[in-house]
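Side-chain atoms are counted along with the backbone in the values below, which use heavy atoms only and exclude waters and symmetry mates.
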Amino acid sequence: QGQLVESGGGLVYVGDSLRLACEAPGLTLDDFAIGWFRQAPGKEREGVSCFSGRGSDTSAVYADSVKGRFTISRDNAKRTVYLQMNSLKLEDTAVYYCAASLYACSPYLRTYEYVHWGQGTQVTVSS
């Protein structure tokens, strides 16, 4: 069974909203920061957001390209982290991955800091 499982992707239109979920059935979320990354065809994987969520820490990090449009949150009881995506743009089209890091969220969202990865969910934004 995978450590992280993404869901919620699909085909939407410019300006629509979508909520992605990252379930972590095999992890104790309190031990990890959870990040969302995405990879568009022909491009490198890039960081989107990260949520620390350890104890009372509710700090979050966002890439400049999604600030004000995306919101990350987590439900420890459900072992799930969500990425609410609003005002979607064509350039948001990508495979979205969630990942777990033993470090605190870095504003640089470095992929190598994340030790567990999901399989990804496709988000396609069409005009």
Could you grab the distance from atom [atom1] of [X] to atom [atom2] of [Y], nearest 0.5 Å is fine?
X      : Y      : atom1 : atom2 : answer
Tyr13  : Thr124 : OH    : OG1   : 10.5 Å
Arg110 : Tyr103 : CZ    : OH    : 10.5 Å
Ile34  : Leu4   : CD1   : CG    : 5.5 Å
Ser7   : Gln119 : OG    : CD    : 13.5 Å
Tyr97  : Tyr114 : OH    : OH    : 16.0 Å
Leu83  : Tyr62  : CG    : OH    : 7.5 Å

Can you check whether Gln39's main-chain N or O pairs, donor with acceptor, with Arg45's side chain at less than 3.5 Å?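 No, Arg45 side chain to Gln39 backbone: no donor-acceptor pair under 3.5 Å.
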Check whether any side-chain N or O of Thr80 sits under 3.5 Å from a backbone N or O of Ala21 as a donor-acceptor pair, and report yes or no.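 Between the backbone of Ala21 and the side chain of Thr80 there is no qualifying donor-acceptor contact (under 3.5 Å).
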Membership question, hydrophobic clusters at under 4.5 Å side-chain separation (ILVMFWY): are [Y] and [X] in the same one?
X      : Y      : result
Leu102 : Tyr108 : no
Ile72  : Tyr82  : no
Leu109 : Phe32  : no
Val81  : Phe70  : yes

If you draw a 6.0 Å radius around CD in Glu44, do more than 12 non-hydrogen atoms from other residues or ligands fall strictly inside?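 Not more than 12 within 6.0 Å, no.
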Heavy-atom count check: over 12 atoms from other residues, nucleotides or ligands less than 6.0 Å from Gln84 CD?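 Count over threshold, so yes.
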Between [X] and [Y], which heavy-atom pair has the shortest distance, and what is it?
X      : Y     : result
Ala100 : Leu27 : CB-CD1, 3.9 Å
Pro25  : Gln3  : CD-O, 3.6 Å
Cys105 : Ala33 : SG-CB, 3.9 Å
Asn86  : Ser17 : OD1-OG, 2.9 Å

Salt-bridge present (Lys89, Asp92; N to O < 4.0 Å):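 The answer is no: the pair does not qualify as a salt bridge.
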Full working for side chain to side chain contact (heavy atoms under 4.5 Å, CB included) between Trp36 and Glu6: CA-CA 10 Å; Trp36 282 97; Glu6 303 94 338; 3.9 Å; yes
Residue pair Gln122, Leu11: steps toward the side chain to side chain contact (heavy atoms under 4.5 Å, CB included) verdict: CA-CA 8 Å; Gln122 176 70 47; Leu11 171 63; over 6 Å; no
Evaluate the side-chain proximity of Leu29 to Arg74: yes if any heavy-atom separation is below 4.5 Å, no if none is.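 Counting from C-beta outward, Arg74 and Leu29 do come under 4.5 Å.
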Taking C-beta and beyond as the side chain, do Met85 and Val123 meet within less than 4.5 Å on heavy atoms?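 A side-chain contact under 4.5 Å exists here.
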Show your working on salt bridge (charged side-chain N to carboxylate O under 4.0 Å, His left out) between Arg38 and Glu46 and close with a plain yes or no. CA-CA 6 Å; Arg38 65 187 182 186; Glu46 64 173 358; 2.6 Å; yes
Could you label the plane-to-plane angle of the Phe37 and Trp117 rings as parallel, tilted or perpendicular, counting under 30° as parallel and over 60° as perpendicular?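 Judged by the thresholds at 30° and 60°, the geometry between Phe37 and Trp117 is tilted.
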Step by step, would you call Asp16 with Val125 a side chain to side chain contact (heavy atoms under 4.5 Å, CB included)? CA-CA 8 Å; Asp16 283 352; Val125 184; over 6 Å; no
